[in-house]
Every structure is written in structure tokens, then in C-alpha cells.
Amino acid sequence: MNKKRITGIIIAVLLITAGGSYPFYSDLLSRSDECFSVDFPSIEAPSGHPDFELTASNLPSNNRMMVYKVEDPVVTTDSVWQIGEKLGFEGSVSYIDGGKKIAMLDERAEEVRHLSVFIDSGAVDYVIVYPDKLYPPEPPNLPSEEEARQIAIDFLAQSGLLSADAEVGDIYKVDVVTGGTYGNVEVPEEVVEDEGEIIPEVVEEYIAHLLVRFHRQIDGFPVIGSGSKFGVRIGDDGEVITVLKVWREVTPCNEVIINTPEQAYQELKSGAGSYYTPLDCEKVVIEQVYLAYWMEPPDQHQEYVAPVYEFKGKCVDKDGKYLEDFTGWCEAVK
Amino acid sequence: MSRKRLSIHLIRVVIVVAIFVVTGLLGVPSVYGGDGDDNDTTYPEVGAAGMGDYNNDGDYKDSGDLEYAVSSAYGFKDELHDEAGWTTRYYKTNNNVYEEHFKKESYGGVDYSYADACDICWFQGHSNDWAEDELVLSFVNEDNDDEYLEHNEARWGDWDAEWMLIHTCRLFHSDWRYYWSAARYCHLICSASSDMWDSNDGRSVAELLIDSGSGDVAYTVKYSWFHGIDLRQWFVSLYVMGENQQCGSDYIWGQGQVCADPPRDSTYYYWTYFCW
């Protein structure tokens with residue numbers, strides 16, 4: 001065998017090996033592959049048909065994105081019991097709601113707590129059912145935002161719902177917002193019995209509980225959609241009242257070619273994605289465009305996590321007056 | 001009075017007292033406000049209306065179809081019927097849902113046979129704000145009266161309804177918060193102050209309302225609405241209005257305490273919940 005032939009064989013072997021190491025480059029998938037399509041929601045109000053203007057700068061320059069495969073969640077009576085044990089639950093574990101969830105109930109004289117885990121997604125739902133601590137009858141003593149953030153992290157770490165090595169800013173970001181309010185309104189006696197043509201006046205309103213949100217990121221891109229929820233509701237004296245954690249474990253699957261932001265913008269305008277505007281919206285001004293990953297609701301099985309474009313901006317009326325914020329999405333996979 | 005007649009009289013008294021005691025323990029309100037409140041504890045009734053096919057009517061081309069409204073309404077009534085034994089009093093979809101079904105009698109409506117004939121009622125469909133700065137519930141069918149229900153045409157609870165669950169956009173938006181006047185002995189009106197997404201929430205809400213057995217527990221109407229919706233909705237502000245504070249602790253019939261039908265007064269209470 002001469003030198004040239006040996007060199008040729010070596011190069012061929014190296015090329016084949018390299019190809020095998022990067023299957024996604026030789027196997028780029030497209031949107032026509034149904035499992036990569038995203039089922040965007042629509043709003044329950046008639047939408048306008050505005051003009052669009054793109055003013056966003058720093059548009060994403062990616063031409064490829066990773067599609068992730070969702071690992072099948074392992075939800076068993078044992079796994080749920082283990083979560084319950086860490087939360088101090090006693091008692092048995094049962095399938096509920098037609099076998100969609102596995103649950104534990106912790107009933108004590110002064111408090112009833114419920115833990116349920118969705119079989120299709122592994123989402124964890126923890127609630128103090130009784131008494132109603134989300135809406136106390138008197139204004140609660142709520143922690144500061146920083147305290148609330150730490151209370152949530154400590155509670156999650158103790159109950160095994162947040163891995164100890166998870167760094168804030170690494171795979172998630174945290175913020176604190178108002179989770180719910182409680183109030184009462186009053187209408188003048190003389191209109192109580194008429195047709196109610198006035199908007200009643202708020203007499204008292206207070207923040208009933210805080211919501212600490214953990215915003216997940218995958219590979220530096222935000223995870224969005226109703227299946228991206230990971231939140232802790234905190235009430236009086238900093239007590240954790242509910243936890244909803246939807247966090248599907250994912251592994252890289254395939255790299256795909258994606259549309260440019262301009263192509264995605266054209267698709268959005270043509271109605272290929274999803275958006276809502278009020279009927280008097282004459283123009284939508286798109287101020288931000290970014291790539292994100294879309295996660296389905298917790299009671300749905302999801303096989304892949306695909307990238308999407310999210311558009312943010314504002315709706316203006318015919319006089320250019322601001323009406324409301326705008327959000328729209330369309331698929332990113334070409 | 002003979003001894004025999006006295007005995008019969010005493011037995012009657014004992015039976016009446018026993019009924020009061022038992023119904024009290026079951027949480028039956030001592031006051032019924034609606035004229036049609038009928039055997040609520042033993043014969044609770046559910047109603048559901050879902051409108052998804054809005055393109056049948058040229059006027060509604062802008063509304064767009066709602067993919068999940070019908071299946072969501074079905075899921076709600078099906079869960080209450082199958083899992084809690086409730087009677088389905090009313091289930092209509094698309095072109096068969098009329099404005100009249102939700103409208104008070106004095107305005108030509110027949111809500112006493114439909115929406116207000118049920119103890120709990122689910123409506124899912126479009127609302128819109130094109131009716132002169134007012135938010136109205138939209139119906140597909142305009143042959144029976146018209147295709148939208150204004151707040152002053154609704155009087156819910158003066159017949160039977162305790163809880164109205166209105167899955168639509170902005171019913172309690174601060175600019176159009178008129179629907180408070182629709183409550184007439186109705187305990188709670190559950191809806192949203194923001195837009196709502198077209199999603200299949202009905203069964204999720206119903207599942208939370210019902211204790212289905214070991215490991216499960218019934219939640220209040222208010223929390224069931226909030227959390228059942230929270231599972232699929234995203235960046236939505238939910239809003240529940242109640243005639244009084246106690247109504248906020250209501251469970252559905254057979255699952256826990258239910259407050260007495262609240263009389264109409266000048267104060268009402270509300271609870272908001274942010275789904276993100």
C-alpha cells in the first residue's frame with residue numbers, strides 16, 4: 001500500500017468520525033418536522049389589523065439554534081413520597097384526577113397541605129389549602145423583596161426543589177412581584193338598584209401575597225410559555241404558601257437552521273405566529289426582538305423544546321397615542 | 001289531643017328539627033336569595049357554554065375562532081357530572097348559545113332556564129369593547145335578540161346561580177368594571193381584568209373544585225379558578241368579585257361550606273391573582 005493510499009484512508013476515516021461526532025450538521029431538521037412546531041395561544045378578544053414598524057436594534061444574529069429533547073420525567077409514588085417527606089408530609093400517596101397526578105395530603109387540625117406532581121411533565125404543585133393564607137382578612141406583614149427571594153430559595157433548597165449548586169444568573173433569574181391583591185369597593189346607595197352605570201370606587205386594597213419568580217434560561221436564552229413557570233407565593237410573616245415548579249429536564253438534540261429576525265418579522269406580520277392588538281390599534285411598534293425557548297403547559301407531554309422569536313413593543317392609535325404593550329411570537333425554526 | 005296525634009305531632013317536630021340540624025351541618029345557607037334555588041345540596045346543577053366557531057357570522061370575522069373554548073366548556077361540565085354527580089342543566093356550543101341564555105327576563109332573556117338555572121355556570125368565548133366604550137360578552141348567534149350581552153342586561157343569582165365563571169378577556173378591566181352590577185345574590189363572578197388566552201382550562205378548574213378521593217382535596221371556588229387557570233395561562237391577571245367576604249371561602253355544593261346567598265348592597269369585595 002503506497003503512502004498516498006494510506007493518507008487517503010486516514011483522511012476518510014477522520015472525516016467519517018467527525019461527521020459522526022456532529023450528527024446535527026449532517027441532519028438539520030426543519031419546521032416541517034412536526035415535533036418542532038409550537039402551538040401558540042390566541043387571545044379571547046377580537047384583534048385589530050394594525051400596520052407594523054420595526055424599530056428594534058441589536059437583533060439576534062444567530063443562524064442556528066439547538067433544539068432540545070425533553071427527558072421523560074420519572075414520577076412514581078416513591079418519588080412523590082420523597083418530595084412529600086422533605087416537606088414534612090405524612091400519609092399515603094395516591095393517583096388523582098384520572099391518573100394525571102400523584103398526590104399527598106397532609107391534614108392537621110390547624111392546617112391542610114396538598115402536594116401533587118404532574119405525571120406528564122414532572123411539575124410540582126404545593127399548596128397550603130386551609131386556611132386561606134393567600135388572601136388574609138387583614139393586611140399581611142410581607143417580607144421585603146430581598147427577604148422574600150431568600151425565603152423562597154431556602155424553602156426550595158430544604159425541600160429538594162432547587163439544586164444546591166444552581167447559581168442565580170446561571171440557569172435562572174429571580175424577581176419578586178405582587179402575586180395577588182384583596183380589596184373592596186363601594187357604590188353610592190342610589191345606584192345599587194339601578195343599572196350600575198358607574199365604575200365603583202376602591203375603598204381599600206392591599207397586597208395579599210408576593211410571587212417570587214424563577215425565570216429559567218437554557219443556553220442563555222429565556223424559557224417562555226405557560227410551561228416555564230417556577231414560582232413561590234409568600235404571605236404573612238414570610239410564610240411560603242404555594243410552589244408551582246414546571247421544570248422539564250432537557251438535553252441537546254439537534255441543531256437547526258433558523259429564520260433571520262427580519263424573516264420572522266415578516267412571518268409575524270403575515271399572521272403566521274400569534275399576537276393580539278386592541279381594535280383601535282393602528283400601528284404596532286416592535287422595539288425588541290429576541291430568541292427564546294417555548295415550554296408547553298404542565299399537564300401536557302412535551303417531546304422537544306424549540307426556539308421561537310419573541311417580539312415586544314407597543315400598540316398606538318391613529319394619533320400615535322400609546323394604547324398598551326405588545327407581545328407576539330412566531331416560530332424560529334426555518 | 002289524643003296520645004296518638006300527639007306522638008305524630010312530636011315526630012313531625014323532631015323531623016323538622018333534624019332537617020335543620022343536618023342542613024346546618026352540611027353548610028346549607030339559611031337564606032336563599034334566588035327564586036329558583038332548588039335542592040342545591042342534593043341536586044346541584046352545572047351549566048356550560050363554549051363558543052369557538054366565530055367565523056360563521058360575517059360581523060365577527062375579526063374575532064377569530066377559539067380552538068379550545070368548546071372542549072374547555074365540555075371538560076368543565078363533564079368533570080362535575082362524572083366525578084361529583086352534578087346534573088348538567090345547560091350545555092350549549094357555538095351557534096346554539098344565545099345571548100338570551102344569559103340575559104335577565106325583564107329584558108327578554110331566559111336566563112332562568114339556562115345560565116341562572118345552574119348553581120355553577122361556565123362561559124367561554126370572546127368579549128369585546130366595541131360597543132361604545134363598554135365591554136360586552138360576544139355570542140356567535142345574532143338571530144335570538146342580538147349577539148352581545150351588556151352588563152345591565154345580566155342579573156345573575158336572582159334565580160339559582162351561585163358562581164359564574166366567565167372565561168373571557170377583560171371583564172373586570174379597570175376601564176369597564178361594570179359587571180359588578182350583574183351579581184344578584186350570586187356569590188362570586190370569576191373572570192379576568194386582563195386578556196385571557198384561548199385555552200382548555202375547564203377540566204383543570206373542575207378537578208380542583210372536587211375532592212376525588214384518597215390523596216385529593218377540594219379547593220374553594222376562588223382558588224380553583226385562580227390555580228386551574230394558572231396552569232395554562234400566562235401573564236394574565238385574574239379577578240374574582242364577591243358580594244361579601246364570606247363568599248370568597250365558598251366551596252361548591254357537597255365539597256364544603258357555602259355562604260348564605262348575599263343580599264345586594266353597596267359594597268363588594270374582590271381578589272386578584274397574577275398568572276405569569
Side-chain angles (χ1 to χ4, degrees), chain A residues 41-49 92-97 102-105 107 112 114 116 125 127 129 132 134-135 137 177-189 192-193 195-200 203 208 211 213 224-226 228-229 231 242 244 276 278-279 297-299 327, chain B residues 60 62-64 66-67 69 124-130 138 151-152 167-170 174-178 180-182 195-199 204 207 212-217 219-220 222-223 226-227 230-235 245 248-249 264-276:
Chain A
S42 56
I43 282 284
E44 288 174 340
S47 184
H49 296 287
S92 59
V93 184
S94 306
Y95 285 83
I96 63 166
D97 294 341
I102 298 177
M104 286 185 84
L105 189 62
E107 288 183 284
V112 177
H114 200 209
S116 47
D125 190 4
V127 186
V129 180
D132 181 0
L134 284 177
Y135 299 94
V177 295
T178 297
T181 63
Y182 175 51
N184 64 80
V185 300
E186 194 134 320
V187 294
E189 289 289 345
V192 170
E193 290 305 324
E195 305 301 342
E197 292 292 352
I198 64 156
I199 293 176
V203 176
L211 170 60
R213 305 186 296 183
I224 62 173
S226 61
S228 65
K229 293 180 187 190
T242 75
L244 177 60
Y276 164 78
L279 290 175
D299 59 349
T327 304
Chain B
Y60 284 96
D62 283 339
S63 295
L66 299 174
E67 186 180 351
Q124 188 160 346
H126 277 302
S127 65
N128 65 54
D129 57 353
W130 42 255
S138 290
H151 68 89
N152 56 9
H167 194 297
T168 192
C169 290
R170 305 186 187 202
S174 55
D175 289 346
W176 303 292
R177 203 164 282 164
Y178 295 117
W180 62 273
S181 65
D195 292 318
M196 287 185 81
W197 299 103
D198 168 29
S199 64
S204 300
E207 283 171 348
S212 63
S214 174
D216 202 5
V217 65
Y219 290 88
T220 60
K222 180 182 76 204
Y223 186 76
F226 287 153
H227 195 55
D230 193 14
L231 295 176
R232 285 189 190 77
Q233 299 276 331
W234 190 43
F235 284 95
Q245 287 174 290
S249 301
R264 183 104 182 104
D265 61 23
S266 60
T267 304
Y268 81 77
Y269 295 80
Y270 64 90
W271 301 264
T272 70
Y273 183 97
F274 180 50
C275 308
W276 70 288

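Residue numbers start from 1 in every chain, and the chains themselves are labelled A, B, ... in the order their sequence lines are given, proteins ahead of strands. Only a predicted model underlies this, so the values are computations on that prediction, with no experimental measurement involved.
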So what's closer than 4.5 Å to chain A heavy atoms on [X]: side chain, backbone, both or neither?
X	value
Glu207(B)	both
Ser204(B)	side chain
Thr168(B)	both
Tyr270(B)	both

Just verifying a value: how many Å separate Leu66(B) CG and Met196(B) CE, rounded to the nearest 0.5 Å?
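With rounding to 0.5 Å, CG (Leu66(B)) is 11.5 Å from CE (Met196(B)).
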Spacing of NZ belonging to Lys222(B) relative to OH belonging to Tyr269(B), to within rounding of 0.5 Å
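Between atom NZ of Lys222(B) and atom OH of Tyr269(B) there are 13.0 Å.
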Quick check on the 6.0 Å ring-centre criterion: do Tyr135(A) and Phe226(B) meet it?
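So the answer is yes for these two rings.
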Any idea which of Tyr268(B), Trp271(B), Tyr273(B), Trp276(B) has the most non-hydrogen atom pairs under 4.5 angstrom with chain A?
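Ranked by heavy-atom pairs under 4.5 Å with chain A, first place is Trp276(B).
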Give the member of Glu67(B), His167(B), Gln124(B) that has the highest number of heavy-atom pairs under 4.5 Å with chain A.
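Result: the option with the highest number of such pairs is His167(B).
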Short side-chain to backbone donor-acceptor contact, Thr272(B) and Thr181(A), under 3.5 Å
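A pair under 3.5 Å: yes.
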Structural part of [X] lying under 4.5 Å from a heavy atom of chain B:
X	value
Val177(A)	side chain
Val203(A)	neither
Ile102(A)	neither

